[in-house]
Structures are given as C-alpha cells and as structure tokens.
Q: 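One structure, pasted below without further comment.
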Amino acid sequence: GENVEQHPSTLSVQEGDSAVIKCTYSDSASNYFPWYKQELGKGPQLIIDIRSNVGEKKDQRIAVTLNKTAKHFSLHITETQPEDSAVYFCAARSQTYSGGGADGLTFGKGTHLIIQP
Amino acid sequence: GAGVSQSPSNKVTEKGKDVELRCDPISGHTALYWYRQSLGQGLEFLIYFQGNSAPDKSGLPSDRFSAERTGGSVSTLTIQRTQQEDSAVYLCASSLGRGTDTQYFGPGTRLTVL
C-alpha cells in the first residue's frame with residue numbers, strides 16, 4: 001500500500017515569510033495529491049490539490065509542486081499571515097486497486113505551522 | 001449548501017460499551033469515507049462506501065468495527081466493546097464519486113473511552 005512521509009512536524013515562521021512543507025510517497029501509481037488545512041476542533045479542509053499530469057499549481061499565496069520521478073510533492077505558502085496557523089496534511093491516492101484503502105487517501109502525519117507575529 | 005455533518009460531536013463512553021457514530025454526507029455525493037485521527041497523528045483510512053456497498057473495508061482495525069450505509073446517504077460507524085485505544089476523532093468525508101474527486105470532511109466525532 002501507499003506510505004506518505006511528511007516533514008517537518010512543526011514549522012515556525014515569521015509573519016510575512018514563506019513556509020514550505022514537504023511530502024514523499026511510495027506508490028508510483030499514485031496520481032492525486034491533495035493538501036488539507038485543519039484548524040483546532042474542525043475537520044480538514046482542502047486548500048489545493050495536484051494531479052500527476054501537472055508539475056505545479058498555484059492559487060494566490062499557495063502553490064504545490066510535484067516531482068513524479070522523485071515521488072515527492074511540496075506545499076509553498078508565501079507572505080504568511082496569522083490565519084495560516086493550523087495543521088497541514090498532505091495526502092496521496094493510488095489508482096492501484098489492491099485493497100489497503102485504494103479509494104481512500106493516505107495521509108502524512110501533519111505539520112503544525114505556527115506564524116509568529 | 002450544507003456540508004458533511006456528523007453526530008454526536010463528542011461521545012464519552014465506558015470501556016466495553018458499544019457506540020454508534022453517524023455521518024450525513026453532502027446531498028448527491030455517492031462516495032463516503034471514514035477516517036480515524038488519533039491525538040497528534042495523521043488520518044487513518046477505515047472504510048469506503050460507493051453507494052450502499054463497501055468495496056474497501058481493509059482499514060477497519062478489528063472485527064469490533066463495522067459500518068453501514070443505507071439509502072446511499074447516511075452512514076453509521078459502530079464500535080462494539082470499546083477499548084481505551086479506540087479514543088480518537090472519527091472523521092467522515094464524502095465526494096461526488098470514486099476516482100480523484102475532492103473529499104469534503106465533516107467536523108468529526110471526538111470519542112473518549114474511559
């Protein structure tokens with residue numbers, strides 16, 4: 001099955017600086033990579049996703065890059081603001097239907113992003 | 001429109017009791033997923049429904065866990081003879097269909113087993 005590693009577990013940046021969170025995946029058949037933001041007491045919310053036929057995607061201050069050869073993808077947040085403070089999860093979905101949650105997402109363990117004022 | 005709703009928001013139970021957790025997906029979403037989030041951990045996939053059938057139950061941690069979905073809508077996750085290690089937040093998500101459609105999450109049910 002798929003295995004997703006996420007780093008760092010905690011990231012503290014000054015307001016206005018950029019933040020980068022990195023994930024690696026194991027299953028070369030994975031082709032969908034969403035990023036979720038989870039605030040305290042709430043469910044995860046999708047903030048951006050990328051599919052394997054694309055190398056980069058941007059949405060205002062947020063961007064995601066994907067390197068299929070190296071099997072890693074990253075979330076980039078520029079001009080960070082206090083409201084960006086949250087736990088961020090990367091995930092991957094494999095198209096190989098071999099059980100093990102093939103139609104469910106495999107998540108990284110999360111990154112606690114802290115924006116220092 | 002309404003998002004995914006879950007009930008109860010919090011559940012405290014005693015070890016050995018059975019619990020039922022409910023998920024109401026977004027109207028029209030045929031795919032429904034259950035995940036478990038333990039303290040400080042990522043999300044662990046439990047089970048996936050397409051319509052009323054569950055083609056993938058591989059994530060259920062033991063035979064004490066079961067889930068059903070009726071009418072292609074509401075789903076119930078049942079945990080029998082709860083153990084302290086079952087304490088976690090149980091999250092439900094739905095999507096339009098299988099494949100690479102976006103999954104929308106509910107707020108979760110926080111289960112505490114004493």
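Because only heavy atoms are used, hydrogens play no part in the values below, and waters and symmetry mates are left out as well, while side chains stay in. Lettering of chains follows the sequences in order, A, B, ..., and the numbering in each one begins at 1.
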Q: Taking the side chain as everything from C-beta on, heavy atoms only, tell me whether A:His112 gets closer than 4.5 Å to A:Ser9.
A: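 No, side chains not in contact.
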Q: Hey, are A:Lys57 and A:Asp49 close enough for a salt bridge, meaning a charged N less than 4.0 Å from a carboxylate O?
A: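 Between A:Asp49 and A:Lys57 there is a salt bridge, with a charged N closer than 4.0 Å to a carboxylate O.
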Q: If you apply the rule side chain to side chain donor-acceptor pair (under 3.5 Å), what do you find for B:Tyr48 with B:Gln50, and how did you get there?
A: CA-CA 7 Å; B:Tyr48 153 70; B:Gln50 179 60 41; 3.0 Å; yes
Q: Chain B heavy atoms under 4.5 Å from A:Pro44: which part of the residue, side chain, backbone, both or neither?
A: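 Both backbone and side chain of A:Pro44 come within 4.5 Å of chain B.
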Q: Which bit of B:Leu43 comes within less than 4.5 Å of chain A, counting heavy atoms only: side chain, backbone, both or neither?
A: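 Answer is both: backbone and side chain atoms of B:Leu43 are under 4.5 Å from chain A.
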Q: Measure B:Gln6 against the heavy atoms of chain A and call it side chain, backbone, both or neither at under 4.5 Å.
A: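 Answer is neither: B:Gln6 stays 4.5 Å or more from chain A.
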Q: Using non-hydrogen atoms only, which part of A:Gln45 is less than 4.5 Å away from chain B: side chain, backbone, both, or neither?
A: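 The answer is neither part of A:Gln45.
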Q: Taking only Lys NZ, Arg NE, NH1 and NH2, and the carboxylate oxygens of Asp or Glu, determine whether A:Glu39 and A:Lys37 approach each other closer than 4.0 Å.
A: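 A salt bridge links A:Glu39 with A:Lys37.
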